[in-house]
Structure formats: C-alpha cells, structure tokens
Amino acid sequence: MFGITPSSRLRPSPFYEATLAEGVTAFTTYNHMLMPTSFGHPEEEYWRIINSVSLWDVAVERQVQLEGPDATRLAQILCPRDLSKCKVGQGKYVPLCNHDGVLINDPILLKLDEQRYWLSIADSNIWFWARAIAAERGLNVKVSEPDVSPLAIQGPKAEALVASVFGDWVRELKYFWFHQTELQGIPLVLARSGWSKQGGFELYLMDGSKGTALWNIVREAGKPWGIGPGAPNPCERIESGLLSYGGDSDDTTNPFEVRLGKYIDLHVPDDVVGIQALRRIQAEGAKRQQLGVMLEGDKPTELGFHWHAIYKDGHRVGDLTNCVWSRRLNRNIGFGLVSSACAVDDQVIVHKDGQPTSARLVNLPFI
Ligand code: THG
C-alpha cells in the first residue's frame, strides 16, 4: 500500500528482524511502535491459535515501571482496584481511569518487588500520566520505561511447549502470576497471560539485544507442536469477549460500561484517581453496556474497523465498535456499546453507509 519512513520516534521491537525473517506482511501502530498483525495466511494463523501454538511479537505492550519507597502508594493511586493483597510474583488486570472515571488504559499490573511494579500497558501514554500524578502528589518514586519486551506464546499447546523449555514448574503457575528466570543466559520474566482465551504464556524479554535469539529458541522448541508466527487475533478475541482499549472504548467510556466493573473496588482510598467519579457512576447506574451483536447472514461482510450506528425500533441505541467474521460460528459478530435499556435477544439494525443489516444482541463471550 505504502512504505513507512524510518525515524527515531518509531521505536523498533527487539523481535523486528525475526518477524521480517518469518515473512510478516502487515503491521499496526501501538505505543509509538510497529506491531505485526499478519504473516499473509489469515486462516492458518487463526486455526494455529485455536488448535496448536502461535508466537506473537507483542513488544508494543510497554512496561511503565514504578520503583522506590512510594511505588506501592503510586500503584494504588493509579489503580481503582484493591492492590493491598497483591503479592510479589502476582499480576492483576487493572482498568486505569482518569478523574472523571473514564477508562484511559487496561494494563496488567505486575508486582516484581515490595517497591517495584510494572504496568504492562495497552495503547496510551501512561508513562506521562504516572509521572504527572507522582509529581503532583509529591511521591518518592521513579517512573521509567525499562528495556522489557513481551513475546506471547498462545494456544492449547503453549503449556507443553513452555514446560519442555523451562520445566514442569510452569504448569503450576496461576493466571497472571510470573517468575523471573533466564533461558540460555537471556534474562526474562515468564508469566501465564496473553490476549487470547486459548491459554498461554508471555516471556518478558529483559535484554533488547537478544530478541532474535529468544524468538529462534522458542520457534525451534515449538516445532513438535506445529508452532508458527501469529499476532493478537481480532476474530479469536471477539469470539472470546476480550476488550480492545481504544478500539471498543472512546474518551467517554467508563469501566462499568465495558464489563470491567468486577475489577473496580469502590472501597479503595479516596485519593485513588477517579474513584469518586466511579462511585457516583456506579450509584447512578451506567448508561451504556457492552453486549455481543450477531449479524444476520452467513457470508463475511466488510464492516471495517470503524464504529457503526445501532438502531432499535427506529431509535439510535448505540454503536457496533468492531465486527469480524467468526470462523467458528460462521456469522459476522461484534461488540455493541448500547443503551442500558437494551437487553439480550433484542432485534436491532446496524447501519453502515446507509445500508441496514439486521442483528441480535447476545451475551458475551460468544464462545
Ligand atoms: N499482554 C501484556 N500486556 C498487555 C496485554 C497483553 N497490556 C495491554 C493489554 N494486553 C491488556 N489487555 C488484556 C485484557 C484482558 C486480558 C489480558 C490482557 C485477560 N483477561 C481475562 C478475561 O477477561 O477473561 C482474565 C482477566 C481476569 O479475570 O483477571 O486475560 O496481552 N503483557
């Protein structure tokens, strides 16, 4: 389509050379970096995640490190989820909100030490945010972005592969928990996590010069299980009901609207950013909700990646925030951000360029 002009603002992933060698055919931008999205075989790449094991360059999930005497204080001030029982070695999914209770990121928080945390962020600048909040609150904490780059191993065969490389102890690792370890001298954090519901692990590479080496070790070890290159998959994640921050949310979306209310603890201290607004929103009841949308018709439709208006009984009730052809359901499916007055089984109309398509609201996840 077009080229990309290199610049020092476009930061390279340590796995860039390895993905080029694998034949990467498309990238997206995320956190001022390029993330591979396709290796030219979409169908094969999808079934690899569902049936075997897939290797993803997700170095774009940058780590915002909080370190120092007030790191725990800052982590809690930034996160409207109770972190008081979070243990070293544990990770937690945390919706970050601004002062109005609007979702501004949905990272995984990793507690590395009593005084050191990583926020493994989605696509928005939390480094600026954390520094500003720390400075305004007069906290003694260093906020930085260390040389850390996640490599995801996802799919039902991921555990067997990772156990063959690191040992059987990985089978005991609980969801989002992690261990600092190394592989042939390559320092890394190994976590059970990843943006799919097919199971898997993430290796947080802690030496950016070793990206190709790490990729090749995992690639070689994965051969018996049919490993191949892949990327976070829009079809799998929509079938599985995983949220894409910035894709399924806008600058007014709060966590209650997009099924993240279970990660909000309203009893956290009053100085947690956004908690007062979240208490108010919860008391008043969220005005929108996220439901599945199943479109009529059994042929893939090109709805693209823009939001599309949803109507019910002639009134606009919300938006279809994404839409994809489900290879397992043989239907076009997506997420609707719709009025709280809507309900599962409602018949609705999705409008695209004036073209109406009938659809039904359903529970999430689809599968
Ligand atoms: N890997 C790493 N960091 C990340 C992502 C990642 N940061 C940004 C983004 N992706 C975070 N988004 C999610 C969202 C959901 C989940 C994982 C990453 C997830 N959710 C489960 C669910 O919703 O069912 C379980 C959550 C729970 O109950 O605690 O797994 O991919 N490093």
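Side-chain atoms are counted along with the backbone in the values below, which use heavy atoms only and exclude waters and symmetry mates. Atoms within each ligand, like the ligands themselves, are counted from 1 in listed order.
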Let's go through F15 and L55 carefully: what are the C-alpha distance in whole Å and the side-chain angles of both, what is the deciding distance for side-chain contact (heavy atoms from CB on, under 4.5 Å) to 0.1 Å, and is it a yes or a no? CA-CA 11 Å; F15 311 112; L55 191 56; over 6 Å; no
Should side-chain heavy atoms under 4.5 Å link Ile, Leu, Val, Met, Phe, Trp and Tyr, which residues sit in the same cluster as Y46? W47, I50
Residue list, ring pair (Phe, Tyr, Trp, His ring centres under 6.0 Å) with F178, at least two apart or on another chain: none
Are more than 12 heavy atoms from other residues, nucleotides or ligands located less than 6.0 Å from atom NE2 of H179? no
Considering only heavy atoms, which protein residues lie less than 4.0 Å from any atom of ligand 1? E61, Y93, D106, I108, S120, I121, A122, Y175, F176, G194, W195, K197, E202, Y204, L242, Y263
Side-chain donor-acceptor contacts of residues 64-76 below 3.5 Å, not counting sequence neighbours, with atom names and distances?
{"unit_1": "Q65", "atom_1": "OE1", "unit_2": "R116", "atom_2": "NH1", "d": "3.1"}
{"unit_1": "Q65", "atom_1": "OE1", "unit_2": "W118", "atom_2": "NE1", "d": "2.8"}
{"unit_1": "Q65", "atom_1": "NE2", "unit_2": "E67", "atom_2": "OE1", "d": "3.2"}
{"unit_1": "D70", "atom_1": "OD2", "unit_2": "N140", "atom_2": "N", "d": "2.6"}
{"unit_1": "T72", "atom_1": "OG1", "unit_2": "E114", "atom_2": "O", "d": "3.1"}
{"unit_1": "T72", "atom_1": "OG1", "unit_2": "Y117", "atom_2": "OH", "d": "2.8"}
{"unit_1": "R73", "atom_1": "NH1", "unit_2": "D271", "atom_2": "OD2", "d": "3.1"}
{"unit_1": "Q76", "atom_1": "OE1", "unit_2": "L83", "atom_2": "N", "d": "2.8"}
{"unit_1": "Q76", "atom_1": "NE2", "unit_2": "C79", "atom_2": "O", "d": "2.8"}
{"unit_1": "Q76", "atom_1": "NE2", "unit_2": "R81", "atom_2": "O", "d": "2.9"}

side-chain hydrogen bond (donor to acceptor under 3.5 Å, both in side chains) partner of E236, the single match among Q198, R328, R327: Q198
